[in-house]
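Here is the structure we will look at.
Naming convention: chains lettered A, B, ... in sequence-line order (proteins, then strands); numbering from 1 in each chain. Treat the numbers as computed from the prediction; the structure is a model and nothing was measured. What you see below is based on every heavy atom in this structure, not just the backbone, and it leaves out hydrogens, waters and symmetry mates.
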There are 8 protein chains.
Amino acid sequence: MGSASDMPVVEGSINTLRQFGVEVEVLVCSAHRTPDIASEFSRNAQSKGIDVIIAAAGKAAHLPGVIAAYTTLPVIGLPVKSSFMDGLDSLLSIVQMPPGVPVATVAVNGSENAAVLAVQMMALKYSALDDKLKEYKETMKQKVIESNNSIQ
Amino acid sequence: MGSASDMPVVEGSINTLRQFGVEVEVLVCSAHRTPDIASEFSRNAQSKGIDVIIAAAGKAAHLPGVIAAYTTLPVIGLPVKSSFMDGLDSLLSIVQMPPGVPVATVAVNGSENAAVLAVQMMALKYSALDDKLKEYKETMKQKVIESNNSIQ
Amino acid sequence: MGSASDMPVVEGSINTLRQFGVEVEVLVCSAHRTPDIASEFSRNAQSKGIDVIIAAAGKAAHLPGVIAAYTTLPVIGLPVKSSFMDGLDSLLSIVQMPPGVPVATVAVNGSENAAVLAVQMMALKYSALDDKLKEYKETMKQKVIESNNSIQ
Amino acid sequence: MGSASDMPVVEGSINTLRQFGVEVEVLVCSAHRTPDIASEFSRNAQSKGIDVIIAAAGKAAHLPGVIAAYTTLPVIGLPVKSSFMDGLDSLLSIVQMPPGVPVATVAVNGSENAAVLAVQMMALKYSALDDKLKEYKETMKQKVIESNNSIQ
Amino acid sequence: MGSASDMPVVEGSINTLRQFGVEVEVLVCSAHRTPDIASEFSRNAQSKGIDVIIAAAGKAAHLPGVIAAYTTLPVIGLPVKSSFMDGLDSLLSIVQMPPGVPVATVAVNGSENAAVLAVQMMALKYSALDDKLKEYKETMKQKVIESNNSIQ
Amino acid sequence: MGSASDMPVVEGSINTLRQFGVEVEVLVCSAHRTPDIASEFSRNAQSKGIDVIIAAAGKAAHLPGVIAAYTTLPVIGLPVKSSFMDGLDSLLSIVQMPPGVPVATVAVNGSENAAVLAVQMMALKYSALDDKLKEYKETMKQKVIESNNSIQ
Amino acid sequence: MGSASDMPVVEGSINTLRQFGVEVEVLVCSAHRTPDIASEFSRNAQSKGIDVIIAAAGKAAHLPGVIAAYTTLPVIGLPVKSSFMDGLDSLLSIVQMPPGVPVATVAVNGSENAAVLAVQMMALKYSALDDKLKEYKETMKQKVIESNNSIQ
Amino acid sequence: MGSASDMPVVEGSINTLRQFGVEVEVLVCSAHRTPDIASEFSRNAQSKGIDVIIAAAGKAAHLPGVIAAYTTLPVIGLPVKSSFMDGLDSLLSIVQMPPGVPVATVAVNGSENAAVLAVQMMALKYSALDDKLKEYKETMKQKVIESNNSIQ
């Protein structure tokens, strides 16, 4: 994440990933204040055994794009709601990447989805995760059914 | 893709995927006009050996979300530029998914990036693709260097 | 409605419909988490004697469009205010439907209007409802006149 | 329609309605230039046997709301693309109606959908129209299937 | 004003007009709920001796345009902040009037300015008002100078 | 107007004013490039016998506000369509004036309306203009009726 | 600043400038209420020894542009968050300046950045400031590193 | 600039700078495709004798922010009009920088202003440039006066 102030949003991703039993490395590093740490981290991510990177940032949210510049791993961009137009700046700064350097963007403050998307990607490699995704999908379905029952 | 009229955009994805040697199945199916074909396709995608789905749509672009509802495979959403605010409707309809059902969204008309993102995901499973991604990244870099040289 | 959290908005529709003496079936079903329930409901709505469907949803609000895909009944889309740009995402995801599959869209959080519109449609078939609509219109008028009087 | 210049858009509605065998009365009348004609028309619509009104307008598109003020018939609002932000002004002026006076809004320039929605409403009363809607839906589906076949 | 709920905003206009010694008639009348009262009021305004009309409304704010349709008096539109995008809907519904029927639009919730603008218009006819406007302008200037002094 | 490039838009105002027999002084002066000419003009406008000022400008359209700062005459702001979001920048720069210094804003490129609004204001003083406004309104009405006739 | 109410935002700039040991002159002057004070200040700024001007304003934020009209000094525009779309009006009114009269715009409410940018400009002339900027940059970096450490 | 395709816009800056007799180094380097070249360039800019950097980019325009991360020189951000909402994405990605790392943003496609702003900054150090800025300002003024004369 680009700033420690993004932690309340990013926590949603961390918790979801841990629910899936995925090992998580958490890092605060800014594309603008610690650009060397960001590029260093990204360059070495693959060799350290990282499979997917979730990069969260707000306002002129450059972190996901900067991370994506230094790696061929899939990078998920999590736009953090800013105080300007509910994060339209964050969203456009992350999703509108130029050809060749994609960032897989989720909804503004969509921390749970960033995690689920990461798990879906990793499930291509680790099939055990796919079983957990199917359980997760079934649980969601049951929750909707229950909430419908309680409304009736 | 949701409509055959999206083909000029989607072609960018198909061509890029083929450059990477990735096998592609192309399907026109609409979330609104052929919902059964869309859900059927999505439900069976994994068992047919599909790894990643790219869903392209415009306007009230529901196809990526509908596809994501029926599968645990990663779904990439490609917002097609509509005649309304340059596809702001397509972008928001695709990226703002509720918790639990992510769509990995790329830029409006970002067809090449949809393909590169798909390759990055598959490279987690097929390591040969990662070598191709590194080549691709190097080629992009050389093109920028050359375009800089020709401007000097 | 797409989620039980939409209930505070949807209640406005339910209450208004009941005021008109219209029988209401309330259902929580998600286009993304329980797509089979949504499609099943929509497919069978007409044969169950339902005349009009009001579908409420927020964010990437696909439920009204998905419902409209499976029925020829008129579908009213009620955009629920999201935490992003006051529901611009919900509004555009609902109103910008492609040709052939309309959703009759009302204002963001316009729950009373969704109900009144449903009654107007049903009044084509049940003329008693038209009398109630005329009373309702007259009551509204009187309220404005009274509020003007109390301000003077 | 509010102006004869809206005719190229409104034609889409007229043609679709005629395809369904629905009788159409076409009227150019402006909420601002001929307000008396607009209110007169609306006030008398029901007694003349009209079932549904489609009101098309652009910019500060008041016609649908003004029509809805004088009748209890369902009014469909068709936002015409203006030269400002692709008709965002038309869309918001039509869809954001206050409680009690709904306008069933379709997509910007969504002329075909305005007609289909009108037919869906009338089908509540004239069951023969419902058969035609089912045929229409089937035809749409076949067209998508064909366009998919021709792309393969 | 279109609704009694607009009173907190409209009060700013009333107070300012009274400060200038201008006689004010206050009326709650809705373009959609009491269209006949609105058109009646507008049609008779000039013969009753009214010089300028300020029309305040929110959301799909049709009142100013509807008033302007029935009179040749200058009509000032005061967009009331709605719960959607801070009144962008109100602003566009008021300012984007078609050729021939202008509405003099002020800022969203710009109630004081609606009044000052009305006074500026009437000052063309009643020159005593122009002296008051010059005093008002001088007072504003002194307040800025004082606020600057207190900050130093 | 702020720039000679605004002339094609401003011409619409000039022609309409001349149709009404109103004397027009045309001036190109920029709030940013010739601020002294702008302030000088505004300061002296009233004593030169000017009744109303129409100020047209695009982009960061400061001219109307700057003109309004130096005079108590009513100032009409005409937002000129810029190459950015169809003149949203021009519109907001003109309409969102702070309390005390109103600018009577018309639609983006609403040149005819700027003129009609000016005539409506002047008609408070010169009653002959009111007769012409009534004729103008009648002509508009007849044109709509004729365009309706030709469509039937 | 255009109004004393902007002080809470502008304070961020003042404090940052003082941290850098830069002498600050604070002035409340409005482009619309005290235009003569604004133009006078700007015209004389350079001869008084001022190097850079930071102009803060909200809504139809004309102050930065008006200041820039009267001087060749660099003018930094600080858009103050308004009650309309989080200051989109302020931002566009400041950044969209016509050719020839630039305003160096920072983020909405970006008071610290307005100051840092001013220091960066002055550092071209006073090299001691550049050392302070390097320290400031290092301090920022250390803060990110520390916040990362405390999260681990 | 981030891509050779930005050259038609950037040319406006280069030509203006040369008119002022300022030495220009032109570089195509991408924040995403050649991040090392971008960071290298920025890191060394000051020691190579560069005073001000103009960074032009479109879409998710990260280049200006990335450049600003590695230097204490003032960085001017020039948003290039993209195919999405006339460059709203470019503008927000550039202007909404987090505290501590400012980018001096000019209008979308405001290439001439980027250059004039750079000259204004450099004029703090090289007083000869200030004379040229005064001439430039005078020439602009004369051009407006002439264009006014030719219109009369």
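Counted within 6.0 Å of NZ on F:K141, heavy atoms from surrounding residues, nucleotides or ligands total 12 or fewer; the atom is thus considered open. Under a cut-off of 6.0 angstrom, the local environment of NZ in G:K143 is sparse, with at most 12 non-hydrogen atoms contributed by other residues, nucleotides or ligands. More than 12 heavy-atom neighbours from other residues, nucleotides or ligands sit within 6.0 angstrom of CD on F:E138. Atom CD of F:Q152 is surrounded by more than 12 heavy atoms from other residues, nucleotides or ligands within 6.0 Å.
With a 4.5 Å cut-off on non-hydrogen atoms, F:S39 touches chain G through its side chain but not through its backbone.
Taking 4.5 Å as the heavy-atom cut-off, the residues of residues 97-108 of chain G that approach chain F are G:M97, G:P98, G:P99, G:V101, ordered by number. Using a 4.5 Å heavy-atom cut-off against chain F, the contacting residues of residues 55-72 of chain G are G:K59, G:A60, G:A61, G:H62, G:G65, G:V66, G:A69, G:Y70.
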Identify each donor-acceptor pair in which a side-chain atom of residues 7-18 of chain F lies under 3.5 Å from a protein atom, sequence neighbours left out, and give them as a table.
from, atom 1, to, atom 2, distance (Å)
F:S13, OG, F:S111, O, 2.7
F:N15, ND2, F:E11, O, 3.4
F:T16, OG1, F:G12, O, 2.8

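For the atom pair OG of F:S93 and CD of G:Q96, the computed distance is 8.5 Å after rounding to the nearest 0.5 Å.
Contact count against chain F (heavy-atom pairs under 4.5 Å) is highest for G:D89 among G:D89, G:T34, G:L88, G:L91.
Looking at residues two or more places apart in sequence or on another chain, you find a ring-ring contact (aromatic ring centres under 6.0 Å, His included) between G:Y136 and G:F20.
Residues G:R43 and F:D36 meet the side-chain proximity criterion, which asks for heavy atoms closer than 4.5 Å.
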